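See below for the structure under consideration.
What you see is a predicted model; the values in this text were computed from it and never measured. In listed order, ligands and their atoms are each counted from 1. Quick note: numbers below take in every heavy atom, side chains included, and nothing from hydrogens, waters or symmetry partners.
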Amino acid sequence: MTCQKPVYITTPIYYVNDVPHIGHAYTTIIADTISRYSRMIGHDTFFLTGTDEHGQKIEEAAKARGETPQAYADKISATFRNLWDEFEISYDAFIRTTDEAHIKGVQYAFSKMFDKGDIYKDIYKGHYCISCETFFPKTQLVDDEFCPECGKATTIVEEESYFFKLSAYQDKLLAWYNENPECILPKSKRNEVIRFVESGLDDLSITRTSFDWGVKLPESLNDPKHVMYVWLDALMNYLTALGYGNDNNKMKYWPARVHLIGKDILRFHAIYWPAFLMSLDMPLPKHVAAHGWWTRDGQKMSKSKGNVINPKEVADAYGLDNFRYFMLREVPFGGDGDFSQKALIDRINNDLGNDLGNLLNRLIGMSEKYFEGRIDSSNVSKYYQNELDEVIESFNKLEPYLFEMQIHRYLEELWRPLSVANRAIDKYQPWVLMKDGKDEEAMALVALIANILARVSIMLYSVMPSVTKKISASLSFDIDNSSWLRFIKNHELLDTFVISKIPPLFPRIEEPLLAHVEPTSAQEKPKEEKQETKKEDEGIALISIDQFFLTSLKIGTIVEANEVQKSDRLLILQVDIGEDKPRQIVAGIKEFYTPEQLVNTQVCVVANLKPAKLMGNHSEGMLLAAKDENGLHLIRPEAPKRNGTPIK
Ligand code: MSP
């Protein structure tokens with residue numbers, strides 16, 4: 001057993017205004033992977049997840065359904081917990097911000113910060129986005145009104161509020177980033193945070209009076225109309241889950257080894273959270289690691305767009321371990337990923353079926369045919385030391401990749417030993433060795449393959465817990481701390497052992513298994529990192545297919561068209577692109593079309609442009625058109641298409 005170092009790993013706590021989707025599953029699966037690995041290597045690991053249940057957004061969602069916030073939160077929180085249980089997520093605690101102990105802990109923290117002089121009372125005046133539960137200064141708004149994060153309209157808030165002296169922590173935060181180059185992962189994100197903090201921090205409003213669904217202030221403040229800002233309440237979960245402000249019985253796990261989050265909530269975790277911790281005189285987390293977003297057709301997933309991917313459906317159809325492997329291998333940590341069944345099927349058939357599954361099948365076949373399944377590793381080094389060295393070199397590189405959240409690299413590197421094994425079979429051809437009477441050499445080769453597969457299954461366990469247990473059962477060993485110590489850390493070889501036959505682990509998939517999850521434009525996307533933009537000789541910029549698919553193009557029908565007063569160029573159009581309501585698009589086509597000519601005709605719309613204002617009119621998109629010496633013509637589908645049909 002190695003050192004029992006306490007290791008604390010967290011996911012964000014999920015808002016209960018929405019049921020779990022693929023994005024939530026992604027964060028949780030990464031955290032589960034790191035936790036499983038950490039336990040396997042002997043660390044005393046504590047993995048926390050849970051639900052974030054207070055705030056205006058939840059209060060409104062409950063109201064809209066005619067339920068009390070508590071009843072509503074109970075219901076949705078359970079859907080998260082049930083899904084993680086079905087996914088066999090190895091969490092050690094599931095915190096809810098409505099837990100009594102959490103509320104007490106948050107109030108305790110508030111009092112401490114107040115007593116320290118870091119909290120004062122004033123009036124908050126400004127814009128608030130309920131959807132993001134975030135205050136924004138006017139300078140950050142789009143068109144003076146819209147949320148820069150989600151694009152929804154903000155509300156103007158003017159109310160009495162307690163403030164946290166965030167500005168007082170600016171220099172200390174900058175010192176933390178500078179002294180700990182890996183405090184924010186991937187490292188590129190750290191620069192974004194530094195730039196933001198350097199541009200100046202305003203004090204943070206941390207209480208609200210205009211609604212009720214939140215943690216009340218400590219009684220000692222005697223100010224019952226205030227509830228705490230949901231992000232203060234939520235961030236504290238990382239401490240209260242360890243007993244902070246109560247019995248402190250798990251505080252040995254603090255500071256966190258890693259807070260896993262999505263990039264959209266980096267600011268809260270990389271600025272507010274360390275500042276709160278500094279105010280509480282608590283050590284800071286080792287890493288805040290921000291992953292990218294999963295999209296469909298390059299678009300954010302949302303209920304209103306109806307493009308949300310249900311992780312359970314995907315896991316049920318394709319296998320949970322396969323789904324886990326796909327998510328972690330497909331996207332470089334920190335980058336965005338577009339979900340498609342084609343990409344998932346490719347990973348299953350190629351990486352898992354061809355490289356891993358076939359190797360196991362070949363091993364089972366050879367060991368049965370030549371040695372009745374009984375394998376002896378004693379001569380592996382005598383004949384195949386080069387291959388062993390190559391494999392050890394790869395295994396030695398793995399762990400840092402995992403702890404630095406480069407999980408796609410980890411998996412890529414883990415596949416190298418598999419290709420060493422596949423190459424060795426092709427090169428040394430055990431059937432020829434057997435025919436030539438070189439049984440000892442053939443046995444050593446089969447044992448080499450078995451040992452490589454054993455080691456790969458140990459290191460793949462945290463990503464694919466159930467499949468790898470099947471592999472290890474077939475090779476008659478267990479995946480646990482002692483096998484990790486023997487075969488990975490100390491490079492020992494398996495003793496004499498028996499290989500037993502198991503059914504193929506990755507049957508080939510020919511067709512998408514989920515009919516209603518339509519193929520997406522991402523199907524044709526190359527899997528590897530983005531290619532650089534190159535210039536052709538005549539100066540036309542070449543873009544990668546990835547870059548092209550960043551543009552969301554859709555078919556729409558113009559349902560209303562009007563002139564913009566005092567403009568020679570502009571028309572205001574209402575275009576139905578299959579969303580809840582038509583999009584308003586202001587287009588410079590007045591010289592070429594009258595409003596009457598346009599109504600009820602179909603057009604091609606760029607649907608993911610940042611909203612803009614043209615002569616005071618809000619515009620949320622652009623029409624495709626071609627203009628030459630014969631004038632301007634709109635680009636239209638050859639035959640009528642359903643509104644919202646993606647153009648690929
Ligand atoms: N409640 C806050 C977190 C508080 S933590 C102290 C919250 N909740 S959330 O439910 O909206 O989001 C939780 C996590 O899911 C975030 O890390 C977010 O980035 C992630 N995802 C939500 N949608 C996602 C995708 N489409 N793709 C990847 N992850 C995304 O924010």
Side-chain angles (χ1 to χ4, degrees), residues 9-31 48-58 61 73 76-77 79-81 83-84 94-98 102 105-106 109 129-134 147 149-150 152 185 189 214-215 228-241 256 258-274 276-277 285 288-305 307-311 314 327-328 330-339 405 520 522:
I9 293 160
T10 68
T11 72
I13 47 172
Y14 301 107
Y15 282 132
V16 292
N17 68 323
D18 204 356
V19 289
H21 64 63
I22 194 173
H24 304 127
Y26 181 54
T27 328
T28 307
I29 288 170
I30 300 174
L48 174 72
T49 190
T51 42
D52 188 354
E53 307 185 4
H54 288 129
Q56 197 167 357
K57 177 158 70 173
I58 311 295
I76 309 282
S77 177
T79 64
F80 276 95
R81 196 169 181 148
L83 180 68
W84 304 151
F94 186 99
I95 191 166
R96 300 183 55 187
T97 52
T98 48
H102 169 77
V106 177
C129 173
I130 297 174
S131 181
C132 298
E133 298 281 18
T134 308
C147 171
E149 303 285 344
C150 70
K152 294 190 182 144
L185 297 174
K189 295 261 191 265
V215 178
M228 281 186 219
Y229 173 41
V230 63
W231 270 101
L232 173 65
D233 164 6
L235 287 162
M236 287 297 167
N237 93 89
Y238 300 131
L239 284 180
T240 60
V258 57
H259 292 308
L260 272 156
I261 57 164
K263 64 179 182 180
D264 54 316
I265 56 175
L266 181 60
R267 187 181 349 150
F268 303 97
H269 284 81
I271 302 174
Y272 300 171
W273 181 226
F276 294 155
L277 287 167
V288 170
H291 63 68
W293 271 67
W294 283 92
T295 52
R296 293 276 320 267
D297 292 321
Q299 294 239 350
K300 223 170 144 167
M301 279 180 257
S302 74
K303 269 190 294 189
S304 59
K305 289 200 192 106
N307 63 352
V308 175
I309 296 181
N310 177 343
V314 179
M327 295 199 97
L328 301 188
E330 185 71 5
V331 188
F333 187 88
D336 293 338
D338 217 34
F339 179 87
M405 300 304 136
T520 72

Problem - Near-ring test Trp231/Tyr272, centroid separation under 6.0 angstrom - result: no
Practice task
Please lay out, stage by stage, how Tyr14 and Thr27 fare under the test side-chain contact (heavy atoms from CB on, under 4.5 Å).
Solution key: CA-CA 10 Å; Tyr14 301 107; Thr27 328; 3.4 Å; yes
Problem - Element-labelled atoms of ligand 1 that are located less than 4.0 Å from some non-hydrogen atom of His291 - result: 28 (C), 29 (N)
Handout entry: atom 27 (N) of ligand 1 - nearest protein heavy atom and its distance
Key = Trp294 N, 2.8 Å
Fill in the blank from the handout: Under 4.0 Å between heavy atoms, the region of Tyr238 that gets near ligand 1 turns out to be side chain
Handout entry: Heavy-atom donor-acceptor pair, His102 side chain to Asp233 backbone, under 3.5 Å
Key = yes
Exercise for the section: Considering only non-hydrogen protein atoms, determine which one is nearest to atom 18 (C) of ligand 1 and report residue, atom name and distance to 0.1 Å. Expected result: Asp264 OD1, 3.4 Å
Practice task
Walk me through it: do Met327 and Ile22 pass the test side-chain contact (heavy atoms from CB on, under 4.5 Å)?
Solution key: CA-CA 9 Å; Met327 295 199 97; Ile22 194 173; 3.3 Å; yes
Completion exercise
atom 28 (C) of ligand 1: of Ala290, Gly55, Ala25, Gly23, the nearest heavy atom sits on Gly23
Problem - Test side-chain contact (heavy atoms from CB on, under 4.5 Å) applied to Ile76 and Asn17, step by step - result: CA-CA 7 Å; Ile76 309 282; Asn17 68 323; over 6 Å; no
Completion exercise
Looking only at protein heavy atoms, what sits closest to atom 20 (C) of ligand 1 is Thr27 OG1, 4.2 Å
Problem - Lys263 side chain to Gly292 backbone, donor-acceptor under 3.5 Å - result: no
Exercise for the section: Say whether His269 and ligand 1 are in contact under the criterion: heavy-atom distance to a ligand atom below 4.0 Å. Expected result: yes
Practice task
With sequence neighbours excluded, tell me which residues meet salt bridge (charged side-chain N to carboxylate O under 4.0 Å, His left out) with Arg96.
Solution key: Glu53, Asp74
Handout entry: Under 3.5 Å donor-acceptor, Asp336 side chain and Trp293 backbone
Key = yes
Practice task
May I ask you to identify, for Phe268, whether its side chain, its backbone, both or neither come under 4.0 Å of ligand 1 on a heavy-atom basis?
Solution key: neither
Problem - Heteroatom proximity flag, Tyr15 to ligand 1, N/O under 3.5 Å - result: yes
Problem - Pro12 N/O to ligand 1 N/O under 3.5 Å - result: no
Handout entry: Min heavy-atom dist Gly292 to ligand 1 below 4.0 Å
Key = yes
Problem - Protein contact of atom 23 (N) of ligand 1 - nearest heavy atom, named by residue and atom, plus distance - result: His21 CE1, 3.0 Å
Problem - Backbone or side-chain N or O of Tyr14 under 3.5 Å from ligand 1 N or O - result: no
Practice task
Please identify which atoms of ligand 1 are closer than 4.0 Å to at least one heavy atom of Ala234.
Solution key: 6 (C)
Practice task
May I ask you to check if ligand 1 and Gly262 share an N or O to N or O distance below 3.5 Å?
Solution key: yes
Handout entry: Heavy atom of the protein closest to atom 1 (N) of ligand 1 (residue, atom name, distance)
Key = Asp52 OD2, 2.7 Å
Exercise for the section: For a side-chain contact (heavy atoms from CB on, under 4.5 Å) with Trp294, tell me which candidate from Val331, Asp338, Ile309 qualifies. Expected result: Val331
Practice task
Identify, for atom 31 (O) of ligand 1, the protein heavy atom at the shortest distance, and state residue, atom and that distance.
Solution key: Ile265 CG2, 3.5 Å
Problem - Test applied, side-chain contact (heavy atoms from CB on, under 4.5 Å); reference residue, Ile95; option that passes from Thr51, Asp52, Leu48, Thr49 - result: Leu48
Exercise for the section: Determine, using heavy atoms of Tyr26 and all atoms of ligand 1, whether some pair is separated by less than 4.0 Å. Expected result: no
Problem - Expected output: side-chain Gln56 to main-chain Glu133 donor-acceptor under 3.5 Å - result: no
Problem - Under the side-chain contact (heavy atoms from CB on, under 4.5 Å) test, residues paired with His21 that sit two or more places apart - result: Asp18, His24, Val308
Fill in the blank from the handout: the protein heavy atom lying closest to atom 15 (O) of ligand 1 turns out to be His24 CD2, 3.5 Å
Problem - Identity and distance of the protein heavy atom lying nearest atom 3 (C) of ligand 1 - result: Ile13 O, 3.2 Å
